[in-house]
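All remarks here apply to the structure that follows.
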Amino acid sequence: MARIFCVANQKGGVGKTTTCVNLAAALHQAGQRTLLVDLDPQGNATMGSGVDKRALQQSVYHLLVGLAGLEQVRVNSPTGGYDILPANRDLAGAEIELVSLDKREKRLREALHAFDADYDFVLVDCPPSLSLLTLNGLCAAHGVIIPMQCEYYALEGLSDLVNSIKKVHANLNRDLKIIGLLRVMFDPRVTLQQQVSAQLESHFGDKVFRAVVPRNVRLAEAPSHGMPGVVFDKAAKGAQAYTAFAEEMIERIKTL
């Protein structure tokens, strides 16, 4: 049975896509059958996986509106090794078209259900807003991974996200829970980041992952080569952090 996880945060630029792509690659390297679902119309996870979004014949848009099945849409990442449901600008139109469709917030859930036995992990890269696309991801998922920077504004946004997750849990998906918070772009030299990190640990306890992803140039360079950072430079501190995070995720699902 596949365990489905949304990587979500209503704040932009917090490393959602970087986390999705590198976690997917690290899980694949650990022998886990992994599918990455790109639900962001920008298609950054698609390009970062070595798939050209401009050349797609079928995308996750076609899956959500019922024009194609999962087996027609999925492709294999040539650089990461995992499978991906790719996205491009077409996905922006799905927001409008989904409104008039039956079970509009559960289209992804139903599409993934038939392929439950094919994967150990399904990771969903959500756009930075609580849109119908994000709602589809949350309704399909067993849990939410929240990447966040240890800054004041990130704490403000976190409370909004937790409230949104509670509403989805209460009304649409009783299986949904917060799996954990991942500290990303972390710089231990900054006192504020140390303080916010300590606040997170005291408030959320074991919901805060032990792995901490540092601010790392090699992770930032990897997408321009169409590669996950854990493949581009395995020795980089950021890549090693995501490898440790993948191991922690494999451990954690045993207790879910």
Side-chain angles (χ1 to χ4, degrees), residues 3-24 26-27 30 32 39 121-131 134-135 137-216 219 237-238 240-256:
R3 305 298 293 186
I4 304 172
F5 300 105
C6 262
V7 178
N9 195 319
Q10 288 164 235
K11 189 174 185 296
V14 294
K16 290 186 296 298
T17 299
T18 300
T19 295
C20 260
V21 169
N22 283 284
L23 177 57
L27 287 169
Q32 303 294 309
L39 274 191
F121 282 89
V122 177
L123 304 175
V124 184
D125 184 25
C126 292
S129 62
L130 190 62
S131 60
T134 301
L135 205 53
L138 293 174
C139 286
H142 298 107
V144 183
I145 298 167
I146 305 173
M148 65 174 293
Q149 292 174 259
C150 291
E151 296 175 353
Y152 177 73
Y153 285 134
L155 281 180
E156 289 284 296
L158 180 61
S159 60
D160 293 337
L161 179 61
V162 169
N163 288 333
S164 297
I165 292 168
K166 285 179 179 176
K167 288 176 183 175
V168 174
H169 171 82
N171 299 301
L172 295 168
N173 182 4
R174 299 297 296 179
D175 294 333
L176 189 67
K177 63 179 78 170
I178 295 174
I179 301 300
L181 281 74
L182 177 67
R183 290 162 289 181
V184 297
M185 304 182 206
F186 188 76
D187 187 344
R189 297 170 299 178
V190 179
T191 303
L192 175 63
Q193 294 203 10
Q194 292 179 357
Q195 291 171 344
V196 172
S197 178
Q199 281 183 312
L200 288 174
E201 288 175 340
S202 64
H203 186 73
F204 289 95
D206 60 3
K207 288 285 187 188
V208 179
F209 289 107
R210 296 189 304 275
V212 179
V213 181
R215 191 174 288 279
N216 185 249
L219 282 180
K237 289 183 179 179
Q240 292 174 349
Y242 275 117
T243 300
F245 177 44
E247 292 169 359
E248 195 173 346
M249 278 298 298
I250 294 168
E251 279 178 38
R252 193 165 288 211
I253 63 162
K254 294 174 183 175
T255 63
L256 296 179

Leu200 side, atom CG; Leu181 side, atom CG - distance, nearest 0.5 Å
6.0 Å
For Met185 versus Gly15, what's the shortest heavy-atom pair and its separation?
CE-N, 3.6 Å
Distance in Å, Lys167 NZ paired with Asn163 CG, rounded so as to fall on 0.5 Å steps
6.5 Å
For the residue pair Leu138 and Leu176, what are the closest heavy atoms and their distance?
O-CD1, 3.6 Å
Could you tell me the separation between the CG atom of Asn9 and the OG1 atom of Thr19, rounded to the nearest 0.5 Å?
10.0 Å
Distance col, row Leu123:CG vs Asn22:CG, nearest 0.5 angstrom, shows 11.0 Å
Trace of the side chain to side chain contact (heavy atoms under 4.5 Å, CB included) decision for Ile146 with Phe204:
CA-CA 12 Å; Ile146 305 173; Phe204 289 95; over 6 Å; no
Looking only at atom types and distance, does a side-chain atom of Gln193 sit under 3.5 Å from a main-chain N or O of Asp187, one as donor and one as acceptor?
yes
I need the minimum non-hydrogen distance between Cys139 and Asn173, along with the two atoms involved.
O-ND2, 3.2 Å
On the 0 to 90° scale, with breaks at 30° and 60°, tag the Phe121-Phe5 ring pair as parallel, tilted or perpendicular.
tilted
Identify the two heavy atoms, one from Met249 and one from Ile145, that lie closest to each other, and give their separation to 0.1 Å.
CE-CD1, 3.8 Å
Grab the two heavy atoms, one from Thr243 and one from Ala26, that are nearest each other, plus how far apart they are.
CA-CB, 4.1 Å
Nearest heavy-atom contact between Thr134 and Ser129 is OG1-O, 2.5 Å
May I ask you to say whether Glu201 pairs ionically with Arg183, meaning some side-chain N is under 4.0 Å from a carboxylate O?
yes
For Lys207, is the NZ atom crowded, meaning more than 12 foreign heavy atoms sit under 6.0 Å from it?
yes
Nearest-0.5 Å distance, NZ of residue Lys16 to CG of residue Leu39
12.0 Å
Could you tell me whether a side-chain N or O of Arg3 sits under 3.5 Å from a main-chain N or O of Ile253, the two making a donor and an acceptor?
no
Less than 4.5 Å apart, side chain to side chain, heavy atoms only: is that true for Arg215 and Gln149?
yes
As a quick check of understanding, evaluate side chain to side chain contact (heavy atoms under 4.5 Å, CB included) for Met148 and Val14, giving each step before the final call.
CA-CA 6 Å; Met148 65 174 293; Val14 294; 5.6 Å; no
Let's go through Tyr242 and Val213 carefully: what are the C-alpha distance in whole Å and the side-chain angles of both, what is the deciding distance for side chain to side chain contact (heavy atoms under 4.5 Å, CB included) to 0.1 Å, and is it a yes or a no?
CA-CA 7 Å; Tyr242 275 117; Val213 181; 3.7 Å; yes
Where do Phe245 and Leu182 land on the side chain to side chain contact (heavy atoms under 4.5 Å, CB included) test, with the steps shown first?
CA-CA 9 Å; Phe245 177 44; Leu182 177 67; 3.7 Å; yes
Hey, is the main chain of Ala211 close enough, under 3.5 Å, to the side chain of Glu248 for a donor-acceptor pair?
yes
